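Following: one structure in structure tokens, then a few remarks.
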Amino acid sequence: MLTVKYISRNRDSVVKLLSVRNFDAAGIVDEIISVDSEKRDLQTRMESLKASLNSKSKEIGVLFRQGKTGEAQAAKEQTGIMKEEIKGLSAKLNELEERLAGLLVQLPNIPHESVPAGEGADDNVKVRGGGEVVKPAGEGVPHWDLARKYDIIDFELGNKITGSGFPLYKGKGALMQRAMISFFLEEAIKAGYTEYAPPLMVNEDSGFGTGQLPDKEGQMYHVQEDNLFLIPTAEVPLTNIFRGDIINSRDLPLKITAYTPCFRREAGSYGKDVRGLNRLHQFDKVEIVQIQHPDRSYESLEEMTSYIESLVKRLGLPYRILLLCGGDTGFAAAKTYDFEVFAAAQEKWLEVSSVSNFGSFQAKRLKLRCRDEGEKKTMIAHTLNGSALALPRVLAAILENNQTPEGIRVPEALVPYTGFEIIV
RNA sequence: GGAGAGGUGGCCGAGCGGUCUAAGGCGCACGCCUGGAAAGCGUGUAUACCUCGAAAGGGUAUCGCGGGUUCGAAUCCCGCCUUCUCCGCCA
């Protein structure tokens, strides 16, 4: 969420920068500015009225204590009119505040100046890549067939138990999951992240804090009876740990990580894209989160990107890093890099990580602030997060790229965690 | 799920209709004292918003959250959340 102050002071540049997203903000921005000025005008009037009511009340108290009940009664009469007027102003003020809040949540984050304009995936910019994109030995079997052949994932049974998009991992398939989780967590800890095991359901406040609510509740499973949401990513509980906090700048950045299952309703999924592990309703992911000083968040974004790159490299997967264009950058993000690995049999790039700097957008909603040593004023902190990594597509790429006539070769980095080198 | 007791500043803790502008203590910061430190003494120590301003200042709100009563609410009433104790259920 952008602050009204920022919008008012930078009206033209806000509109211009949001156009990088193909978002026409002019109407909303102007309405925000006018509603805000009306609101402040009203607030000033109401507060001065309240001030005189408060002092009048104090006088009445003094009169009563002095036993001058007559005078006190007379003074009480005067307060009636003031109270009515305050009531009216306050109702109007509430209405304006709600309108303002409703307008503010409609504005997406302002993209960083380095974000290219563009409408969709085609306009994303490749930053760099690595690894050899080669056709695997043999016929290049897609991972869903390999999963069946080696009996490590059962999609039909998952379907039977729950529904499509809920695979059942079995034997070495389940172990591969566990190995990846351990590997990713251990690496994150080595990189200075503190591990958490957060709740998998969150309340409305948390959903609002990170930007899933309002409007995007469609992507989350909702437990109606308790009004809780299954997390679509660990980003939600992890970032909300710090909701409402004021952090001493010397303690920044806060670096935290967690493994969690993630649940996504993914309303608009169809076709080949959802075959096998490509897109699921439930999947496992290790997430990294940073809370950073506003002056240093873009350094953190690069640092996180390099860290994620190191993971992909160690898995030996061909990868590319994309800088998302304005149109493809998520609502709450200011700048996002996507990581894709190449799945040799499908001959497709699969997104395995997305790392974003949200700037002050989430922190504003979270009331997450920091304060420099010796300063009185607080600043809105910056939040960042990234997948490190999402498991299913990594597994898909490993299966497809590492297939050999003898079996599936396990990446060396994972062997200490799996205890086997090949899936036969 | 049932019964009872609580939720007050960074922390502990008093207050239970009007000098609450929230006592007192701890912690923290600065100053005095000291060769240096401790102790002692003094001063200060929340957040958001509004207004005017270079700053200082002034105003409003916040005692778990949301409503209500009242000229006036930390204090009274209603709803919710949450913590603890006991009971029930349970991996």
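Remember, it's a predicted structure, so these values are computed and weren't measured experimentally. For the numbers below, each heavy atom of this structure counts, side chains included, while hydrogens, waters and symmetry mates do not. Below, read A as the first sequence line, B as the second, and so on, with proteins coming before strands; counting in each chain starts at 1.
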note = Heavy-atom contacts, protein to nucleotides 45-52 of chain B, under 4.0 Å, summarised as B (base), S (sugar-phosphate only) or - (none) per nt, yield --SSSSS-

query = Which letter, B, S or -, goes with each nucleotide of nucleotides 64-79 of chain B from 5' to 3', with contact meaning a protein heavy atom under 4.0 Å?
reply = -------BS-------

inquiry  = Tell me whether A:Glu302 at atom CD has more than 12 heavy atoms from other residues, nucleotides or ligands lying less than 6.0 Å away.
reply    =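 Result for CD/A:Glu302: enclosed.
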
query = Take atom CD in A:Glu156; do more than 12 heavy atoms of anything else shown fall under 6.0 Å from it?
reply =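 Counting other residues, nucleotides and ligands, CD of A:Glu156 exceeds 12 neighbours.
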
key: Charged tip of A:Lys172 within 45° of A:Phe420 ring normal and under 6.0 Å   =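 Yes; both conditions hold, so A:Lys172 lies above the ring face of A:Phe420.
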
I need the full list of salt bridge (charged side-chain N to carboxylate O under 4.0 Å, His left out) pairs touching [range], with sequence neighbours left out, sorted by first then second residue.
{"range": "residues 1-28 of chain A", "value": "A:Arg11-A:Asp30"}
{"range": "residues 176-192 of chain A", "value": "A:Glu187-A:Lys190, A:Glu187-A:Arg314"}
{"range": "residues 224-242 of chain A", "value": "none"}
{"range": "residues 238-258 of chain A", "value": "A:Arg250-A:Glu373, A:Lys255-A:Glu303"}

Identify every side-chain donor-acceptor pair in residues 90-102 of chain A under 3.5 Å, counting partners at least two apart or on other chains, and give the distances.
unit_1	atom_1	unit_2	atom_2	d
A:Arg99	NH2	A:Glu31	OE2	3.3

Roughly how many Å apart are [M] and [N], using the [atom1] atom of each and rounding to a whole number?
{"N": "B:G25", "M": "B:A14", "atom1": "C1'", "answer": "11 Å"}
{"N": "B:G13", "M": "B:A73", "atom1": "P", "answer": "27 Å"}
{"N": "B:G24", "M": "B:G31", "atom1": "C1'", "answer": "24 Å"}
{"N": "B:G64", "M": "B:G27", "atom1": "P", "answer": "26 Å"}
{"N": "B:U21", "M": "B:G59", "atom1": "C1'", "answer": "14 Å"}
{"N": "B:C16", "M": "B:G10", "atom1": "P", "answer": "23 Å"}
{"N": "B:C49", "M": "B:A55", "atom1": "P", "answer": "16 Å"}
{"N": "B:U8", "M": "B:G66", "atom1": "P", "answer": "16 Å"}

side-chain contact (heavy atoms from CB on, under 4.5 Å) with [X]: which residues, sequence neighbours excluded?
{"X": "A:Ala147", "value": "A:Ile152, A:Ile153, A:Phe155"}
{"X": "A:Pro214", "value": "A:Val105, A:Phe208, A:Arg365"}
{"X": "A:Glu299", "value": "A:Arg296"}

ask   = Among residues 88-103 of chain A, which residues get a heavy atom nearer than 4.0 Å to RNA chain B?
value =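 Per residue number, the list is empty: none.
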
request  = Starting from the C-alpha separation in whole Å, work towards a yes-or-no answer on salt bridge (Lys or Arg N to Asp or Glu O under 4.0 Å) for A:Arg45 and A:Glu85.
outcome  = CA-CA 10 Å; A:Arg45 274 199 285 151; A:Glu85 201 174 338; 5.8 Å; no

message = Dot-bracket, 5' to 3', for RNA chain B please: Watson-Crick or G-U pairs under 3.5 Å, [ ] where pairs cross earlier ones, | where the partner sits on another strand, dots elsewhere.
response = ((((((((.[[[..)..(.....]]]((((((.......))))))((((((.....)))))).[[[[[..)....]]]]])))))))....

Heavy-atom pair with the smallest gap, counting every atom of A:Leu228 and A:His222 =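 Nearest heavy atoms, A:Leu228 then A:His222: O-CD2, 3.2 Å.
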
key: Closest heavy-atom pair and its distance - A:Ala345, A:Gln403   =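 So the minimum-distance heavy-atom pair works out to CB-NE2, 4.1 Å.
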
query = In whole angstroms, how far is the C1' atom of B:C80 from the CD atom of A:Glu204?
reply =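 It works out to 14 Å between those atoms.
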
request  = Take the protein atom CD1 of A:Ile247 and the nucleotide atom P of B:G10, then report the distance between them rounded to whole Å.
outcome  =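 Answer to the nearest Å: 15 Å.
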
